[in-house]
Amino acid sequence: MRIPVIAGNWKMNKTISEALDLVNDLKSRLTNVDDVTIIVCPTFLCIKSVADALGNSNIHVGAQNMFWETSGAYTAEVSGEMLLEAGAEYVIIGHSERRQYFGETNETVNKKVKKALALGLKPIVCVGEMLEDREAGNTEKVVDDHLTNGLAGVSADEMKNVIVAYEPVWAIGTGKTATPEQAQEVHAFIRNRIAELWNEETAEAVVIQYGGSMKPGNVKELLAQKDIDGGLIGGAALKADSFEELAKFNK
Ligand code: PEP
């Protein structure tokens with residue numbers, strides 16, 4: 001049985017005080033949710049304060065990126081060791097905005113994923129096609145490339161700590177959501193590929209989130225699909241009332 005995972009990707013939003021206001025509000029709204037894993041991913045700068053404020057509540061903390069080296073002359077980078085000590089348990093890796101604007105590739109994704117797993121940080125690995133890929137009929141090819149190369153060399157055992165987020169790039173921040181059927185089709189493809197690349201047991205265990213304009217109005221329908229196990233949410237994660245509704249999608 002896969003436990004649904006609802007994660008908020010705050011992107012470059014919220015100062016420390018704004019982040020604290022939001023998590024303190026969420027903490028009281030979500031105290032009774034025990035059947036969903038809830039994660040918030042603030043900026044690096046807010047991770048420690050947010051993790052301290054959440055303490056050992058049912059809301060977990062993730063980062064939005066990391067570097068694969070431990071320390072050294074890598075100006076402006078942040079290591080997994082630093083994230084762990086600050087209180088992060090999860091880390092988003094390979095978000096399409098990182099690929100589009102900051103030169104992230106399958107190769108860098110793979111290095112980051114391996115380092116995160118070695119440290120015990122759980123990676124949320126993003127895969128997904130651009131609009132032109134979908135229109136050219138290349139959705140599965142692109143998703144397969146992200147999955148196979150981004151996760152190359154990861155063992156079946158390690159895969160149980162990996163979350164895959166299917167995020168069609170054309171649906172991120174655009175208000176356009178993939179229909180539940182469109183999303184389910186790709187999620188089923190991803191689960192089948194995980195079975196082929198690792199094994200059936202691993203494929204059954206891995207959580208596959210959908211991301212792309214998920215909101216209170218469409219969460220139920222999306223999560224009712226057999227292979228959609230949660231959401232990675234941008235815009236609707238920035239307000240306590242909408243994130244509460246998303247985390248309580250099954251109430
Ligand atoms: C995201 O940032 O991963 C995302 C899905 O954003 P939004 O929900 O705003 O489309």
Side-chain angles (χ1 to χ4, degrees), residues 4-14 18-19 22-23 26 36-44 46-47 50 59-66 88 90-102 104 108-109 112-113 116 122-131 133-134 139 142-143 146-147 150 162-180 182-184 186-187 190 207-223 225 227-249:
V5 180
I6 295 289
N9 171 17
W10 292 3
K11 312 194 186 191
M12 197 179 74
N13 291 293
K14 309 280 178 200
E18 289 167 346
L22 178 55
V23 289
L26 288 176
V36 174
T37 302
I38 306 165
I39 308 168
V40 292
C41 302
T43 64
F44 287 140
C46 297
I47 286 177
V50 163
I59 307 178
H60 304 264
V61 181
Q64 300 172 20
N65 184 27
M66 61 170 271
Y90 295 84
V91 56
I92 299 171
I93 297 180
H95 191 279
S96 62
E97 285 150 21
R98 301 297 314 167
R99 294 182 193 257
Q100 267 181 289
Y101 308 134
F102 302 100
E104 191 88 74
T108 59
V109 167
K112 293 176 182 186
V113 167
K122 295 179 193 137
I124 299 174
V125 183
C126 302
V127 302
E129 80 287 0
M130 313 266 282
L131 185 59
D133 300 320
R134 178 162 281 264
T139 298
V142 172
V143 168
H146 289 169
L147 193 71
V162 172
I163 295 174
V164 176
Y166 168 57
E167 299 212 301
V169 181
W170 49 272
I172 298 180
T174 58
K176 278 189 209 158
T177 320
T179 64
Q182 278 175 321
Q184 166 58 26
V186 182
H187 279 241
I190 293 171
V207 165
I208 309 176
Q209 294 177 306
Y210 168 79
S213 300
M214 190 182 261
K215 45 191 176 268
N218 59 28
V219 64
K220 276 189 203 306
E221 256 193 318
L222 284 159
L223 276 130
Q225 302 297 312
D227 292 296
I228 304 185
D229 308 316
L232 181 57
I233 299 127
L238 294 172
K239 292 218 171 85
D241 54 357
S242 49
F243 195 66
E244 176 186 8
E245 282 192 63
L246 289 162
K248 293 182 176 170
F249 74 92

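Whatever order the structure lists ligands and atoms in, that order sets their numbers, starting from 1. What you are looking at is a predicted structure, and each value in this text was computed from that prediction instead of being measured.
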Glu221, CD atom: more than 12 neighbouring heavy atoms under 6.0 Å: no
Strictly by modelled atom types, are Glu129 and Trp170 linked by a side-chain donor-acceptor pair under 3.5 Å? yes
Looking at every non-hydrogen atom in both residues, tell me the closest pair between Ala171 and Thr177 and how far apart they are. CB-CA, 4.3 Å
Those protein residues which place at least one heavy atom below 4.0 Å from ligand 1: Asn9, Lys11, His95, Glu167, Ala171, Ile172, Gly173, Gly211, Gly212, Ser213, Leu232, Ile233, Gly234, Gly235
Verify whether one side chain among His95 and Glu104 offers a donor that lies under 3.5 Å from an acceptor in the other. no
Can you list everything that forms a salt bridge (Lys or Arg N to Asp or Glu O under 4.0 Å) with Arg99? Sequence neighbours excluded, please. none
Taking all atoms of both residues into account, what is the closest heavy-atom pair of Pro180 and Leu222, and its distance? CA-CD2, 3.9 Å
